[in-house]
Number of protein chains: 2
Amino acid sequence: MPDNLSIRLDFRSQVPIYTQIVEQIRLRVASGQLRPGDQLPTVRQLATELRVNFNTVARAYRQLDEAGLISTQRGRGTYIWEPPTGAALEALRREGLAERARVFVEEARRDGYTDSEITRAVQAALSGGDEPVELHQPERLEK
Amino acid sequence: MPDNLSIRLDFRSQVPIYTQIVEQIRLRVASGQLRPGDQLPTVRQLATELRVNFNTVARAYRQLDEAGLISTQRGRGTYIWEPPTGAALEALRREGLAERARVFVEEARRDGYTDSEITRAVQAALSGGDEPVELHQPERLEK
DNA sequence: ATTACATTGATACATTGATACATATGGAGC
DNA sequence: GCTCCATATGTATCAATGTATCAATGTAAT
């Protein structure tokens with residue numbers, strides 16, 4: 001099982017802890033960081049790591065279980081279930097990106113940045129990267 | 001948590017109860033009587049002590065939270081704001097908006113999202129979420 | 001007097017925590 | 001191999017805590 005899911009919680013956020021956990025695990029499944037058969041940390045392990053009550057983790061696991069993403073087995077542990085396919089996978093990908101965007105925006109806003117500043121920063125990052133952008137201007141160097 | 005904040009209320013004053021609570025907690029934080037990480041009495045405890053409705057205390061706590069002085073967490077309690085330390089502080093110092101946007105875009109691209117998908121996701125997050133908060137409310141760490 | 005607004009109180013609710021429980025695993029002893 | 005039991009795992013239930021919503025109250029303006 002992965003020793004560290006590197007889940008980041010924002011205790012001050014309005015979005016509940018268990019939802020944050022759910023979304024971040026979805027994210028890792030959607031991106032392939034977690035693969036079918038992988039064992040997740042036990043509810044108590046993850047709870048200790050995140051400094052949260054294990055019932056909160058259990059609630060997140062139960063939601064993921066009901067969504068068919070993982071398989072929780074009393075006395076044994078929790079495992080990633082089937083790889084989502086087709087439209088489900090596409091939806092999951094979108095949700096994953098949406099969640100990441102939401103977290104990014106929420107943190108930036110809380111730190112006092114305006115919406116237009118955030119938009120500009122993202123556009124700058126998009127055009128600044130070395131990836132699929134085709135600009136007529138010289139590429140920017142890494143900082 | 002302190003058993004007694006020794007808050008004195010003047011019920012005949014023109015200044016609202018919740019404002020009196022806010023000001024006296026501000027004072028105790030400023031004077032060091034309340035230190036970062038300290039847990040405040042629960043809204044119900046303090047309300048009983050002061051013989052007011054717990055919603056009044058909750059309102060005071062909410063104002064202090066919005067001012068960044070304390071951190072209220074549903075189901076957990078209320079704590080004096082603790083500035084981030086160690087790795088979290090380092091991350092905050094390093095991660096300006098531009099840096100965070102760069103990381104966000106980089107990770108999304110690595111997971112196969114297209115630039116237009118990323119742009120749409122950010123716009124959706126910007127329009128979907130709450131309006132920006134103008135006060136500085138940095139992330140709170142666990143108690 | 002009437003209206004509008006701010007403040008406080010009452011009630012229901014969502015989230016998190018504490019505790020006890022049910023189930024599965026693995027080893028000790030036989 | 002089998003039994004027993006300690007341990008590890010997820011589950012169920014209730015308590016504790018802050019939040020949302022609306023009603024009641026008081027105060028000022030018209």
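Just so it is clear, the values below take in all heavy atoms, side chains as well, and ignore hydrogens, waters and symmetry mates. Numbers restart at 1 for each chain; the letters A, B, ... are given by sequence-line order, proteins then strands.
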(request) Starting at the 5' end of nucleotides 23-30 of chain D, put B wherever the base has a protein heavy atom under 4.0 Å, S where only the sugar-phosphate does, and a dash everywhere else. (result) -----S--
Nucleotide N/O to protein N/O under 3.5 Å, stretch nucleotides 9-11 of chain C:
| unit_1 | atom_1 | unit_2 | atom_2 | d |
| --- | --- | --- | --- | --- |
| C/dG9 | OP2 | B/Asn53 | N | 2.8 |
| C/dG9 | OP2 | B/Thr56 | OG1 | 3.2 |
| C/dA10 | OP2 | B/Asn53 | ND2 | 3.4 |
| C/dA10 | N7 | B/Asn55 | ND2 | 2.9 |
| C/dA10 | N6 | B/Asn55 | OD1 | 3.1 |
| C/dA10 | N6 | B/Asn55 | ND2 | 2.8 |

Identify each atom pair where a protein N or O and an N or O of nucleotides 25-27 of chain C are less than 3.5 Å apart, giving names and distance.
| unit_1 | atom_1 | unit_2 | atom_2 | d |
| --- | --- | --- | --- | --- |
| C/dT25 | OP1 | A/Arg76 | NE | 2.5 |

Identify the pairs formed between an N or O of the protein and an N or O of nucleotides 5-7 of chain C at a distance under 3.5 Å, and give each distance.
| unit_1 | atom_1 | unit_2 | atom_2 | d |
| --- | --- | --- | --- | --- |
| C/dT7 | OP1 | B/Tyr18 | OH | 3.2 |
| C/dT7 | OP2 | B/Tyr18 | OH | 2.7 |
| C/dT7 | OP2 | B/Arg59 | NH2 | 3.2 |

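Under the side-chain hydrogen bond (donor to acceptor under 3.5 Å, both in side chains) criterion, B/Arg62 pairs with no residue at all, not counting sequence neighbours. Residues satisfying the side-chain hydrogen bond (donor to acceptor under 3.5 Å, both in side chains) test with A/Arg76, not counting sequence neighbours, are A/Gln73. Looking at residues two or more places apart in sequence or on another chain, you find no salt bridge (Lys or Arg N to Asp or Glu O under 4.0 Å) involving A/Glu23. Every residue meeting the side-chain hydrogen bond (donor to acceptor under 3.5 Å, both in side chains) condition with A/Arg59, not counting sequence neighbours, appears here in chain and number order: A/Tyr18. In this structure, B/Ser13 has no side-chain hydrogen bond (donor to acceptor under 3.5 Å, both in side chains) partners at least two apart in sequence or on a different chain. With sequence neighbours left out, B/Val22 forms a side chain to side chain contact (heavy atoms under 4.5 Å, CB included) with B/Arg26, B/Ala60, B/Gln63, B/Leu64. Partners of A/Tyr61 according to the ring pair (Phe, Tyr, Trp, His ring centres under 6.0 Å) rule, which considers only residues two or more places apart in sequence or in another chain, do not exist here.
Spacing between atom CD of B/Glu66 and atom P of D/dG18 amounts to 16 Å, rounded to whole angstrom units. Going from atom CD of B/Gln63 over to atom C1' of D/dT19 covers 16 Å, rounded to whole Å. A/Leu46 has its CG atom 10 Å from the P atom of D/dG10, to the nearest Å. Distance CZ (A/Phe11) to C1' (D/dG18): 16 Å, rounded to an integer number of Å. Following rounding to the nearest Å, A/Arg62 (CZ) and D/dT13 (P) show an atom-to-atom distance of 11 Å.
Comparing B/Ala58 and A/Thr72 along DNA chain D, the residue whose closest nucleotide (by nearest heavy atom) sits nearer the 5' end is A/Thr72.
Of all heavy-atom pairs spanning B/Ile7 and B/Leu50, the tightest one is O-CD2, 3.6 Å. Taking each heavy atom of B/Leu97 and A/Ala108 in turn, the nearest pair found is CD1-CB, 3.9 Å.
Using a distance-only test at 3.5 Å, with no hydrogens or angles considered, no donor-acceptor pair links the side chain of A/Arg51 to the main chain of A/Ala47.
Among residues at least two apart or in separate chains, there is no salt bridge (Lys or Arg N to Asp or Glu O under 4.0 Å) pair with a member in residues 4-13 of chain B.
Nucleotide D/dA16: paired with C/dT15 (Watson-Crick or G-U wobble, both distances less than 3.5 Å).
The side-chain hydrogen bond (donor to acceptor under 3.5 Å, both in side chains) with B/Glu106 is formed by just one residue from the set B/Arg102, B/Arg109, B/Arg110; it is B/Arg102.
Salt-bridge annotation for A/Glu117 and A/Arg120: absent, with no side-chain N of the basic residue lying under 4.0 Å from a carboxylate O of the acidic one.
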